[in-house]
Amino acid sequence: MSKESLPALVRLDRRRFVQWSATLAAAATLAPATLKGDGAEAAVYGNPDPLETSAGVETVFSMCLMCHSRCGVMAKVVNGVLLKVDGSPYHPNCLDPEDRVPYSTPIEQAKLVRGKNCAKSQAYPTLLYDPQRVLTPLKRVGPRGSGKWQSISWQQALDEIAEHLATIHDNETDIDPAFPEFGKVSNKLVLSFGRWQNGQVEFTDRLFGKGFGTINYRHDHTSICEVSHHTGFNLLTDYRKNHFKPDLENCEYVVWFGASVLEANFPMQTLARMCANLIKRGGKMVTVDPRFSKTAAKSHRWVPVKPGMDVAFALGMARWIIDNRRYDENFLTNTRADVNGEKSFTDATFLVRLEDGKFALNEKKENLVVAQGAVVSAVTAPDGKGTLDPGVVMVDGAACRTAWSLWVERVREKTVAEYAELAGVPASMIEDTAREFTSFGKRAVANPYRGAVKHTNGAYAAIAIGQLNMLIGNYDWKGGNAAGGGTYKEFLGGPGTIDPQKVVGGVSPKGVPISRHSKSYEKDAPNLFARDGYPARRPWFPFNRDWLYHDLIASIAEGYPYPIDTLITYWNALPYAAPAQREVFERTVADPEKIKLFVAFDVVVGETSRWADYILPDSTSLERWGTPHNASPVIATDVGNMRKPVVGSYLHATINGKERKFYVPTYARGNVALDAWIAKGEASSGAPAAEGPQLAEDVFIALAARLGIPGVGRGTFDITGGKEGLDWRADLYSAWDWYQNLLNNYSVSTGVPPEEILEKGGVFQPITGSPADPAHRYSGEYMRAQYKNLLHFWIERLATTRDSMTGEFYDPLPAVLPVRDAMDRDVSEDDRFPFAIVTYKDAYHGQARTVQNAWLRAIKPENFIEMNRNDGGRLGIADGDTVRLVGRNGASVSGKVRLTEGVRPGVLAISHHYGHWGSGAETITIDGHSVAGDPPRALGVQSNLVGTLDPYLGNVCLTDKIGGSAGFFDARVRVERL
Amino acid sequence: MPQIGWIIDLTRCVGCHTCTVACIAENNTVPADANLVVRNGKAVAVRYRRVLEREAGSYPNVHKDFVSMSCHHCAQPACLKSCPVGAISKRSSDGIVLIDQARCVGCQYCVWACPYGAPQFDEARGVVEKCTFCYHRLDAGLQPACVTACLGKALQVGYDVGGPGEMPAGFADPSLTRPSVRWER
């Protein structure tokens, strides 16, 4: 490739935007009458986009990825340029049910209704056309992280990367024969994705898991996201359901714990609109948050809870509800599902053996309850009723009590006043909130998210708050706690679908992933357990099914559980996004012995990718396919989301008798996957060699083709049983082969033709009929989609699993615990570091990535250290002063103070998103030339830099051992005036 | 003649700033392909519509209002009176006030005159621009970009809206220019 043909970073000529506007506007007659002016010369009143109704204006449907809300979008494209992104009028996220356009509406009509999408989504053009984008593969010159790069061809990049991967591609040899739990040498390939959604997730799980053979195929971001919430609810539901949300359409009272749904969560825009509707019809919200969030601003009560003490507030509410008998006894005494007017049920009546914490079971493995004085099966108890507290009951010689009695005993260990003291708020706030919460029948909900759970006690917070809902039995009721609509199957579903996740001739990776998630230390790593006993060298996370991210580099540094070889990251900002990881990350990745090969996919030179050996330029999120699943249970209907590229072009080549479509993103030429098949003699094409950003799936295909691994190429999909008449792909040559199969499965699952699903950006319930019809969301007084299953007061899994560090069994009941380190030592208080930090998400920003979007930073160019005005006064700090924050581990960061009444004293609130040092902020060198960075991207402060490390482990932040979460909000700092 | 105006529900506004960015995207007031210019901590970027976030009260009894502001297409626009070159006009059909950037000489008198900060100086071109009520969309039977995008359904278009209704504190005396906006809660 000629180095002159595509510069590494390129700027679009802004006049391009003006030119088309004038040309297309001339077609429409826009000559308003005026009070002044003689109209002799053409007036210029602005430079607006052409209308969606104008000739030459394309309307293209896809899915947003500026955050994880998974809203449908409708893009306006002219001459291949993305002008504007609005919401999709078909999509349930984007409009209230009565405003949504019926799915059967033709696009030409539908496009006249602009669905809603938030500021981040509206700012998409600033992502595609960001002048700091990387537009060519880069290879480092000099040591890692030196900021010096050479631009190389895709061919060179992928040849070199594949050559190295071939040296660790070995599914026969043990990493260490003495430790079979390490698996085979292929496990030394580690992938870590920041944001990767369905469709893409399964693609790489499949290719790297069953094709290459590594067990370390994912390590995505959830442990810095909200994993303790998922783990908490998984434990409440025996892993049936990790997420519930209020039915906001009918709810009258919501207590948000650490969830600012007007700024964050998903889908934010839908939650925000539903909350606005709720308030307008007289409903009320309570916000439990150390910071006066936007959600608090719309709430009836702001509870300025002490960080990490949401669990105390929740247990305080439970105490009041128990004392005042304001729980729903009908619900709690049910022993099975779908009885006595209820759908779900709890283990309140189930007998628990006191000696080992296990449920008492009969010979059929059914739970036992006391009913009418006798011990009977919960399944057959007369009328589905059991006794809440029959005292101590003997079952087969073992003393037992009900889960309810044990839970109540735990809650009663503290008084409301004591819980209030721990929570740092007046007892009246607990009492008033509990009284109100129990005054709306089923139409009240308590809902936690990140703020409550990113603590070392995070899983217990989620559990306690989930249990508040169990007290009033609101699960599955209209206005209550909803399980939410589902997703149409793009993977193996009913007859006529195929299983694209299967690899013909694939392998089965062995051993434990280095994240140690979803694995038992004793059972899954018996040789490590035999060697080290308790404590394990690093914690194991048997309850967390969602990978570990913030611990990844620290584990690689220690080579625990085993050393690795290659790290491939995708859309990853670990040193920026994880608390107290910058120094650990940079020190570890700088060492080529710890990580022999480091490849990063990115759209800019980011905080992670700046350390890589190779940066592979990625297409943006509107330049790809995907099938993200239903955003959250607040969406009560089913969806089959279908992302597709809204700009770019396609190349075509016939391979193995079928025409294949290869995607060419903006700023690109050619396609790497096509090039790989041409090099192997399987295709021919006149297309130029690939240059510029490439679709990640095609890059993975190109690598796999070089390696000759299963999972790509001829006959890799088993398409037997695929419904006739659909274009099934048995081969994987291009990313579209995969997505065509997914689309076909969607079509079989819904009866809608694939072309229509692709065109409309998906398929959304109701497929026929009116979205306004409540029958799609409700079934009489219940939700249409119901959990209808068991919820726990007693978490048996916790009672019967040992902590890999202390060797003790976990506590099966929620408790107010201080901040604890990996050995459960109390590390909460240290007077030298008097301020707690809480971070938050701005409504118009998404994680690390939106620093790139000029239109979003125009709203707020920098963030601040938000401090209570009295604290400022006490410390002699004025509004606008620059101060230094010093963390417990010696790191420091400086920023400007904003004094406010809206934060709890002793707490600093700092929004995320800012204070970058990469992502286009820094000047780098490419091919010996200086490429200017954009210094304003470095404005503001990133509080993760002063996060608190776990004092026992030393190289990872405080972490919730049950839930897996990074303890963001357990960070403490001192403030120094400068 | 009917006077077009804004009806803004302060309860529904959640302070998301979507209106700001939807307007930028629709009206191309900030380039999509250039780095943001920041000077003295402020973005140098024309935004016809902006949301003020205003805190009141004292901890823990705090209140916050979100006030979305663009041009109010006043019945007696101060900008129009201030313009020395006649670049500003008011449509007879609906009272939309427009600045003709072909006539504007960038003196910025209107920037000074407007009580609401609606006219803004574009450094790149040396002229002043402001909210056009998306007349290009209205004339085609479509709605302004901010209205369609508003997540909370707080922004609505009305005619002869009366007002000012639940006027936020600090809003300029409406008798000065007779802004076409009515606030609701």
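Because the structure is predicted, anything quoted here is derived from the model rather than measured. Per chain, numbering begins at 1; letters A, B, ... match sequence-line order.
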Worksheet item: So with a 6.0 Å cut-off around OH of B/Tyr109, is the heavy-atom count from everything else above 12?
Response: no
Worksheet item: Pick from A/Cys118, A/Ala843, A/Pro935: which one has the most heavy-atom pairs with chain B under 4.5 Å?
Response: A/Cys118
Item to complete: Return yes if a side-chain donor-acceptor contact under 3.5 Å exists between A/Gln122 and B/Thr18, otherwise no.
Response: no
Worksheet item: Is any side-chain heavy atom of A/Lys294 closer than 4.5 Å to a side-chain heavy atom of B/Val14?
Response: no
Worksheet entry | Most contacts with chain B, counted as non-hydrogen pairs under 4.5 angstrom, among A/Lys120, A/Arg114, A/Met274, A/Lys76 | A/Arg114
Practice prompt. Would you indicate whether A/Arg281, at its atom CZ, is surrounded by more than 12 heavy atoms from other residues, nucleotides or ligands within a distance under 6.0 Å?
Written response: yes
Worksheet item: Got a sec, which residues hit side-chain contact (heavy atoms from CB on, under 4.5 Å) with A/Cys94, two or more places apart in sequence or on another chain?
Response: A/Cys71, A/His91, A/Gln269
Response to the item:
So, the part of A/Asp842 with a heavy atom under 4.5 Å from chain B: the answer is neither
Worksheet entry | Per-residue contact mode, A/Met268 against chain B (heavy atom under 4.5 angstrom) | side chain
Discussion item. So for B/Ala45, is it side chain, backbone, both, or neither that comes closer than 4.5 Å to the heavy atoms of chain A?
Written reply: side chain
Item to complete: Could you have a look at A/Asn117, A/Asp86, A/Leu939 and say which one has the most heavy-atom pairs with chain B under 4.5 angstrom?
Response: A/Asn117
Practice prompt. Determine whether B/Asn35 and A/Pro131 make a side-chain contact, defined as any pair of heavy atoms from C-beta on separated by less than 4.5 Å.
Written response: yes
Discussion item. Donor-acceptor check, side chain of B/Asp100 to backbone of A/Val44, threshold 3.5 angstrom: yes or no?
Written reply: yes
Fill in: Top contributor to chain B contacts, counting heavy-atom pairs under 4.5 Å, from A/Gly920, A/Ala296, A/Ala276
A/Ala276
Worksheet item: How far does CG of A/Asn47 sit from CZ of B/Arg125, to the nearest 0.5 angstrom?
Response: 7.0 Å
Worksheet item: Among A/Pro905, A/Ala297, A/Ser121, which has the most heavy-atom pairs under 4.5 Å with chain B?
Response: A/Pro905
Worksheet item: Of all residues at least two apart in sequence or in a different chain, which pass the side-chain contact (heavy atoms from CB on, under 4.5 Å) check with A/Ala123?
Response: A/Thr126, A/Asn853, A/Trp855, A/Leu856, B/Val21
Worksheet item: By a 4.5 Å heavy-atom criterion (distance strictly below it), what part of B/His17 contacts chain A: side chain, backbone, both, or neither?
Response: both
Discussion item. Between B/Arg50 and chain A, with a heavy-atom cut-off of 4.5 Å, which part of the residue counts as in contact: side chain, backbone, both or neither?
Written reply: neither
Worksheet item: Atom OH in A/Tyr45, atom CG in B/Asn27: separation rounded to 0.5 Å?
Response: 15.0 Å
Fill in: Straight-line distance of B/Cys134 SG to A/Leu51 CG, nearest 0.5 Å
9.5 Å
Worksheet item: Is there a donor-acceptor pair closer than 3.5 Å between any side-chain N or O of A/Lys298 and the backbone N or O of B/Thr11?
Response: yes
Fill in: B/Lys42 and A/Glu862: CA distance, side-chain angles, deciding distance, side-chain contact (heavy atoms from CB on, under 4.5 Å) verdict
CA-CA 9 Å; B/Lys42 291 200 163 14; A/Glu862 66 183 312; over 6 Å; no
Worksheet, complete the sentence: Under 4.5 Å to a heavy atom of chain B? For A/Lys860 that would be neither
Worksheet item: By a 4.5 Å heavy-atom criterion (distance strictly below it), what part of A/Val85 contacts chain B: side chain, backbone, both, or neither?
Response: neither
Worksheet item: If only atom types and distance count, is the side chain of A/Glu901 paired as donor or acceptor with the main-chain N or O of B/Tyr59 below 3.5 Å?
Response: yes
Practice prompt. Output the option from B/Lys64, B/Glu53, B/Glu26 having the highest count of non-hydrogen pairs under 4.5 Å with chain A.
Written response: B/Glu26
Fill in: Top of B/Pro60, B/Ala154, B/Cys104, B/Gly57 for chain A proximity - count of heavy-atom pairs under 4.5 angstrom
B/Pro60
Response to the item:
Applying a strict 4.5 Å limit to non-hydrogen atoms, the region of A/Asn870 in contact with chain B is neither
Discussion item. Rounded at 0.5 Å granularity, tell me how far OG1 in A/Thr900 sits from CD in B/Glu55.
Written reply: 3.0 Å
Item to complete: Under 4.5 Å heavy-atom distance to chain A, tell me which part of B/Arg47 shows up: side chain, backbone, both or neither.
Response: side chain
Discussion item. Given heavy-atom pairs under 4.5 angstrom as the criterion, report whether the side chain, backbone, both or neither of A/Pro936 touches chain B.
Written reply: side chain
Worksheet entry | For chain B, the option from A/Asn277, A/Leu112, A/Ile279 that forms the most heavy-atom pairs under 4.5 Å | A/Asn277
Practice prompt. Identify the heavy atoms of B/Ala102 and A/Ala42 that sit nearest to each other, and give their distance.
Written response: CB-O, 4.2 Å
Discussion item. Quiz question: by atom type and distance under 3.5 Å, do the side chains of B/Asn28 and A/Asp49 form a donor-acceptor pair?
Written reply: yes
Worksheet item: Which residues satisfy the side chain to side chain donor-acceptor pair (under 3.5 Å) test with A/Gln852, sequence neighbours excluded?
Response: A/Asp130
Worksheet item: Checking heavy atoms, do the side chain of A/Arg937, its backbone, both or neither come under 4.5 Å from chain B?
Response: side chain
Worksheet item: With only heavy atoms counted, which part of B/Asp65 is less than 4.5 Å from chain A, the side chain, the backbone, both or neither?
Response: neither
Worksheet item: Of the backbone (N, CA, C, O) and the side chain (C-beta and beyond), which part of B/Ser58 lies under 4.5 Å from a heavy atom of chain A, both, or neither?
Response: both
Item to complete: Go through B/Thr132, B/Asp94, B/Leu36 and name the one with the most non-hydrogen pairs under 4.5 angstrom from chain A.
Response: B/Leu36
Practice prompt. Give a yes or no on whether the backbone of B/Arg12 and the side-chain of A/Lys280 come within a donor-acceptor separation of less than 3.5 Å.
Written response: no
Worksheet item: Checking B/Leu138 against chain A: side chain, backbone, both or neither under 4.5 Å from a heavy atom?
Response: neither
Worksheet entry | Residues from residues 141-153 of chain B approaching chain A under 4.5 Å (heavy atoms) | B/Leu142, B/Ala145, B/Val147, B/Thr148, B/Ala149, B/Cys150, B/Leu151, B/Gly152, B/Lys153
Fill in: Contact winner vs chain A - B/Ala43, B/Gly15, B/Ala25, heavy-atom pairs under 4.5 Å
B/Ala25
Discussion item. For chain A, which candidate among B/Lys130, B/Arg137, B/His63, B/Glu129 shows the most heavy-atom pairs at distances under 4.5 Å?
Written reply: B/Arg137
Worksheet entry | Over 12 non-hydrogen atoms of neighbours within 6.0 angstrom of CZ in B/Arg178 | no
